[in-house]
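Order of listing sets the numbers, starting from 1, for every ligand and every atom in it.
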Amino acid sequence: EKDTPEDRAVKSQKSNAKPPLTLPVTPSRYDAPFPFYRRPAEVGRFSLDSQRRYHGSAQQLRYYAPPPMEGPVPGFDLRDGYLDRYVQRSENVREGLDHLLQWVAQNRKQLQGAEEKGQLLNTDFVTWRGHLTKVLTTPYEKQDGWLLAVSLFRGTLYVSEFETESAKRQREQRSELLKELTYMGYKFEQYMCADTPDGIPDPTRVVNTNEGFCTVIRTRLGTHSLLFSGEVDCTDPRSPWPDPPSCYVELKTSKVMHSPAQRRSFYRHKMIKWWAQSFLPGVSRIVAGYRGPDGSVVELETFETMKIFQLIREDPGCWKPAVCMNFCAAFLSFVKKVVTEDNPKLVHLFAWEPGHPVSFSVHHDSEYTFLPDWYVEALSS
Ligand code: 0WD
Ligand code: CA
């Protein structure tokens, strides 16, 4: 069997049979053909209500309802309601994987794995989509590092993020401007979504960030089977691809651009995150609302996720989708080689900072343990 770039990256770090201690992130090491990525399949859905309570249903799913496309300026005021109609999710609660684990526990029969592989669930990894997005963009990331905790439990690797010291500082020192920009993203969703397939948006309502709809996806990257969940903004009842997850639409806001240089910078630094986030779960469209300086939406633009690579291909200094995916496959192989003891209280904490390779540390029954007792018990009976 021929070595893939991920095998080589891991092997080149290896001395005898000892597992490698670090994983390089340099893009050139992962510049190889696009790896196998199975078409993502939706296997479940759940919702979080206005009080952040879990429901095993699609009750919070919203419907894409863009303004009639006649005028280029939709007349959205993204600042409206910031002071008087905004209910914010508490950021002091660490939710970890809990909501996803609740879904897994309730659907474990459907996920039954192979007894002979010692796998209770038929997946190698369980995680949030957002954690994988961070892994995908790592070879090109120059600012933010990450901490990913991993536990092996009954044959499946669980991956849960912990906040880095620097991210915590940034969160606590967020400027008023940045807080308002975050709100504007949610307000844009409200202007673009309705409660029913034929409904119209109601921008007079409260924006409540406790609410969310999540899709649960199964797929495979190279030799790794994955089960992950991601928050989805809305579904398009008139989508050319009617089935989930392709019918889902990701909504984004960004500053209006005025020059080719600004657009190139947007493609290089922002589009990589948009692409990775939607490509992973097979969300086929991203709709951008471009913000003017006064907080109005100047223009809408739709991107087809599968065509984004064509937009960036011309720019030799740009990121490559294959590098992102090959690195992710290599990281998952690295995790599999390092984490071999099946124990829900044992955590390998993988850490990465820009300019360094990925390293890890080992923690037993510490503040990093993240699989809750109720989950361990639910899967032991
Ligand atoms: O506990 C944690 N460290 C995290 C929890 C980190 C990241 C996400 N979450 C939660 C999310 O709130 C959500 O319930 O996990 C669930 C699913 O997340 P995901 O889809 O895997 O996360 P991601 O792809 O990073 O974000 C999707 C959306 C965001 O949309 P934009 O367009 O901004 O990418 O989930 C929302 C947000 O709308 N979201 C958050 N909302 C409030 N606070 C947060 C957050 N920290 N993170 C994501
Ligand atoms: Ca969004």
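At least one N/O/S atom of E250, whether from backbone or side chain, sits less than 3.0 Å from the Ca ion (ligand 2). Not a single N, O or S atom of K252, from either the backbone or the side chain, sits less than 3.0 Å from the Ca ion (ligand 2). Among the atoms of D233, an N, O or S atom falls under 3.0 Å of the Ca ion (ligand 2).
Counting protein heavy atoms only, atom 4 (C) of ligand 1 is closest to H131 CE1, 4.5 Å. In this structure, atom 3 (N) of ligand 1 lies nearest to the protein heavy atom E161 OE1, 3.9 Å.
No more than 12 heavy atoms of other residues, nucleotides or ligands shown are found within 6.0 angstrom of NZ on K255. Enclosure of atom CG in L178 by more than 12 non-hydrogen atoms of other residues, nucleotides or ligands within 6.0 angstrom is indicated. Open room surrounds CD on E115; 12 or fewer heavy atoms of other groups in view lie less than 6.0 Å from it.
For atom 8 (C) of ligand 1, no protein heavy-atom neighbour is found at a distance under 4.0 Å. Within 4.0 Å of atom 48 (C) of ligand 1, not a single protein heavy atom is present. Protein heavy atoms are found less than 4.0 angstrom from atom 27 (C) of ligand 1. Remark: atom 17 (C) of ligand 1 lies closer than 4.0 Å to at least one protein heavy atom.
Checked by distance only, ligand 1 and L48 stay at 3.5 Å or farther apart across all their nitrogen or oxygen atoms.
Between the side chains of Q119 and D124, at least one donor N or O sits under 3.5 Å from an acceptor N or O. D202 and T204 form a side-chain donor-acceptor contact under 3.5 Å, judged by distance and modelled atom types alone. In the model, Y248 has a side-chain atom that pairs as donor or acceptor with a side-chain atom of E42 under 3.5 Å. Y186 and Y82 share no side-chain donor-acceptor pair at under 3.5 Å.
Using a non-hydrogen distance threshold of 4.0 Å, S160 does not register as a contact of ligand 1. For Y186, the closest heavy-atom approach to ligand 1 falls below 4.0 Å.
For the atom pair K273 NZ and K252 NZ, the distance stands at 10.5 Å (nearest 0.5 Å).
The heavy-atom pair separating R154 from S380 by the smallest distance is NH1-CA, 3.4 Å.
Neither the backbone nor the side chain of H99 has any atom closer than 4.0 Å to an atom of ligand 1 (non-hydrogen atoms only). Looking at R89 against ligand 1, only its side chain comes within 4.0 Å, counting heavy atoms. When non-hydrogen atoms are compared, ligand 1 lies under 4.0 Å from neither the backbone nor the side chain of R94. Counting heavy atoms closer than 4.0 Å to ligand 1, residue R129 contributes atoms from both its backbone and its side chain. With a 4.0 Å heavy-atom cut-off, ligand 1 is reached by the side chain of R52 but not by its N, CA, C or O.
By the 30° and 60° cut-offs, the orientation of the rings of F266 relative to F303 is tilted.
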